[in-house]
Amino acid sequence: MSDPKDILRSILQEEIRKLGASSEVHLERPRNPEHGDWSTNVALQLAKELKRKPRDIAEHLKTATTDALVESGITTPAGVSIAGPGFYNVKLNPLIKLRPILEALERGKDYGQALASSDEKVQVEFVSANPTGPLHVGHGRQAALGDAIAALLESQGHNVTREFYYNDGGAQIDKLTRSVQARARGLRPGDTGWPEEGYAGEYIEDIAREFKGNIEDADAVRRFAVQYLRAEQDTDLRAFGVKFDVYYLESSLYTEGKVDAVVKAWGARGKTYEKEGALWLRTTEYGDDKDRVVRKSDGSYTYFVPDVAYHLTKWQRGFERVVDVQGTDHHSTVTRVRVGLQALGAGIPDGWPDYVLHSLVKVMRGGQEVKVSKRAGSYVTVRDLIDWVGRDAVRFFLVSRKADSEFVFDVDLAREKSDENPVYYVQYAHARVCSVFAQWGGEAGALAAAKLERLSGEREAALARLIAEFPETVSTAAREAAPHDIAFYLRELAAQFHSYYNAERILVDDEELRMARLALCAAVRQTLANGLSLVGVSAPEKM
RNA sequence: GCGCCCGUAGCUCAGCGGAUUAGAGUAUUGGCCUCCGAAGCCAAGGGUCGUGGGUUCGAAUCCCGCCGGGCGCGCCA
């Protein structure tokens, strides 16, 4: 254990245990630097538990822990102080605070990654668009979120699978097929004979034109259309820099008998019953509002049966943690899937899998909401966004908000190649460091020997502090499946660097100081690059 | 009607397992390039944290009501 925060926490926790109390030590960064580097309100919490004055408890903690803290080398006797109603504040030794700079340099690309690797198999399922049209902005948000969440989980040493599930049969595909056939016969949306709720986008015409077989052969048209749209979605995903490990076909669940098996398993456990010609599942036993139909009176299954069958395969494939990324418009399926799995009695934990639900995206341009895309007809596509603002901006913007908040994508702002654009702001910081190194022209390896104690400025301390926080920021973001933490962190690190850069010269004549500052800059560059990589954005050396 | 989510500066949003003076960006205003990239920096103004109660020594943060917005409540997927 070398992280001063961990040392501090364990020493405090030990003392609290001796007091016979159980409060958890929660350390935080005080906003006000006068309150030191770490602060805890644990004395105020203990006040309730021990029925003593918080200030007295804090004083006791101070006298009881100072020796051990000084012994560990992280602070001095004067570094521990009590303030306000009973806050326990600690000021760390300056050198301790600079250590993360070397750590970032030593670990390089791995800085921010967990030290211990776990073999836990986890899966992130996202996008999962049906092959009935181009990907829309909502899919874009899922792609950006899902890929970043997967990267975050990988950073914690997990064995991550990125999976895309899609329905290659069923009613929607029939509708697609009929739309293509109608187009091929010269019909247009709205004409008499155009299929009800047919797909109206321009891409339908492309498919109809490209199809060379017998248009009356619905099977052939369907296969062609699905293959065509799958290829198109893949092209967009590639342009977006997202790769999947597994594409799972809904149809395979039927052909492999997995859907029937689920229904049979429910039946064997007495969880189903016949009513009004349909088969029902007793989901109310697991807290659902009402029982759900699993087999319609026409003999076909409702959509949620294959959903459950699909999730059962995830469990059987050994994924201990599964994160499904979906739009909030699907949130009713969350309960159904979980309940359906519970009803199988397969030993799946309650509340499995995890869901990240995101609100939909509103695209603004020129002060107006953009609703239509030429190609798709009724919605803005991922391709539109990439064409308008570039891949990096799309990805950064789409992960820069909490998933469950509505998102207004300002195309004009994202197009802006200036200080107004947060993507460029972060990338610019990276390019700036690179530029300094290009001018310096020395050997990066020499930086490991830099005399960091020469970094005595407040801005340097602030940068070192941010660099030190990176690993914890990553692990928290991974645990919470919250990539926006990374976007905010990057913004802050870039801001601190720009501020430093404007205030101090890096390439000074004093060689010791120069090397120390370069070491700091190299750590900043590495951290920026690692963070950008987690959210799928490039870290250019020049721009 | 019921369920879930959201309501923080003009605008877009962080913070929400309670705590020492509510934060960014943008917009507005005023400064900074004979000097490592001004795609940058520094500074100022701007908020009764939707609203009314409650719990607490202490609430943007926890609980309840109300108002406003989103989504969902199919033998559609």
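Every value quoted in this text rests on a predicted model; they were computed, and no experiment measured them. By convention in this document, chain letters (A, B, ...) are assigned in the order of the sequence lines, proteins followed by strands, and residues within each chain are numbered from 1.
Taking atom C1' on both nucleotides, B:A60 is separated from B:A9 by 14 Å, rounded to a whole Å. B:U21 and B:G25 have their P atoms separated by 22 Å, given to the nearest Å. Of the C1' atoms belonging to B:C42 and B:G52, the separation is 43 Å, rounded to the nearest Å. Atom C1' of B:G46 sits at a distance of 9 Å from the matching atom of B:G10, rounded to the whole Å. Comparing B:G18 with B:G65, their C1' atoms are spaced 22 Å from each other, to the whole Å. Straight-line distance between the C1' atoms of B:A22 and B:C41: roughly 25 Å, to the nearest whole Å. Separating the C1' atom of B:C76 from that of B:G72 is a span of 14 Å, rounded to the nearest Å. Taking atom P in both B:C33 and B:A24, the straight-line distance is 25 Å, to the nearest Å.
Under a 4.0 Å N-O distance rule, the pair A:Glu285/A:Lys271 qualifies as a salt bridge.
Aromatic pair A:Tyr355/A:His331: ring centres not closer than 6.0 Å.
The separation between A:Glu406 atom CD and B:G68 atom P is 17 Å, rounded to whole Å. Rounded to whole angstrom, the span from the CZ atom of A:Arg401 across to the P atom of B:U26 amounts to 13 Å. Note: CD (A:Gln45) to C1' (B:A59) measures 15 Å, nearest angstrom. B:C16 atom P lies 9 Å from atom NZ of A:Lys402, rounded to whole Å. Protein atom NE2 of A:His358 is 12 Å distant from nucleotide atom P of B:G72, rounded to whole Å. Atom P of nucleotide B:G17 and atom CZ of A:Arg479 are separated by 12 Å, given to the nearest angstrom. Rounded to an integer number of Å, the gap from A:Glu511 CD to B:C36 P is 21 Å. Atom CZ of A:Arg365 and atom C1' of B:C11 are 20 Å apart (whole Å).
As judged by a 4.0 angstrom heavy-atom cut-off over every strand, A:Gln427 is placed among residues making no nucleic acid contact. Residue-level contact check: A:Glu504 touches the bases, meaning some heavy atom is under 4.0 Å from a base atom. A:Asp404 comes within contact range of the sugar-phosphate backbone alone, with a heavy-atom separation under 4.0 Å but no base atom that close. Within the 4.0 angstrom heavy-atom criterion, no nucleotide atom of any strand lies near A:Ser300. Counting any heavy atom pair closer than 4.0 Å across all strands shown, A:Ala278 reaches a base atom. A:Asn89 comes within 4.0 angstrom of a nucleotide base, judged by non-hydrogen atoms across all strands. Residue contacts shown for A:Ala431 include a base, since a base heavy atom lies under 4.0 Å away. Using a 4.0 Å heavy-atom cutoff across all strands shown, A:Glu541 reaches at least one base atom of the nucleic acid. Residue contacts shown for A:Phe87 include a base, since a base heavy atom lies under 4.0 Å away.
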Check: protein-nucleotides 29-35 of chain B nitrogen or oxygen pairs below 3.5 Å:
from  : atom 1 : to       : atom 2 : distance (Å)
B:C35 : O2'    : A:Arg505 : NH1    : 2.7

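If you check B:G72, B:U20, B:A14 against the side chain of A:Pro30, the one that comes closest is B:U20. Distances from the side chain of A:Arg432 to the nucleotides B:C36, B:A38, B:C71 place B:A38 closest. Set against B:A19, B:C71, B:A77, the side chain of A:Asp329 has B:C71 as its closest nucleotide. Checking B:U20, B:C36, B:C71 against every side-chain atom of A:His35, the shortest atom distance belongs to B:U20. Each of B:A39, B:G15, B:A77 was ranked by its minimum atom distance to the side chain of A:Thr302; first place goes to B:A77.
Looking at which nucleotide of RNA chain B each of A:Phe407 and A:Asn167 is closest to, the 5′-most match is held by A:Phe407. Each of A:Asp298 and A:Ser435 was matched to the nucleotide of RNA chain B holding its nearest heavy atom; the match closer to the 5' end belongs to A:Ser435.
Taking 4.0 angstrom as the limit, A:Ser499 places a side-chain polar atom (N or O) nearer than this to OP1 or OP2 of B:C42. Contact annotation: A:Lys296 reaches the phosphate of B:C76 (side-chain N/O to OP1 or OP2, under 4.0 Å). Checking the phosphate oxygens (OP1, OP2) of B:G74, a side-chain nitrogen or oxygen of A:Lys290 falls inside 4.0 Å. Here A:Lys362 does not reach the OP1 or OP2 of B:G70: none of its side-chain N or O atoms lies under 4.0 Å away. When the side-chain nitrogen and oxygen atoms of A:Ser405 are compared with OP1 and OP2 of B:G7, none of them lie within a distance under 4.0 Å. For B:A38, neither phosphate oxygen OP1 nor OP2 lies less than 4.0 angstrom from any side-chain nitrogen or oxygen of A:His498.
For A:Gln427 and A:Asp392, the side-chain atoms include at least one donor-acceptor pair closer than 3.5 Å. There is a side-chain donor-acceptor pair under 3.5 Å between A:Asp298 and A:Ser300. A side-chain N or O of A:Arg459 and one of A:Ser499 form a donor-acceptor pair less than 3.5 Å apart. Side-chain contact, A:Tyr500 with A:Glu460: a donor N or O sits under 3.5 Å from an acceptor N or O. Side-chain contact of A:His358 with A:Arg401: a donor-acceptor pair under 3.5 Å is absent, judged by distance alone. Judged by distance alone, the side chains of A:Asp291 and A:Tyr273 do bring a donor and an acceptor atom under 3.5 Å apart. In summary, the side chains of A:Asp324 and A:His330 do not present any donor paired with an acceptor at a separation below 3.5 Å, with no hydrogens or angles considered.
Side-chain atoms of A:Tyr424 stay outside donor-acceptor range of the base of B:A39, with no qualifying N/O pair under 3.5 Å. Side chain A:His330 to base B:G72: no donor-acceptor pair is found below 3.5 Å. Residue side chain A:Ser297 reaches the base of B:C75 through a donor-acceptor N/O pair under 3.5 Å, judged by distance alone.
Here B:C16 is in the anti range [glycosidic angle more than 90° from 0].
Shortest non-hydrogen contact noted between A:Cys521 and A:Phe497 is SG-CE1, 3.9 Å.
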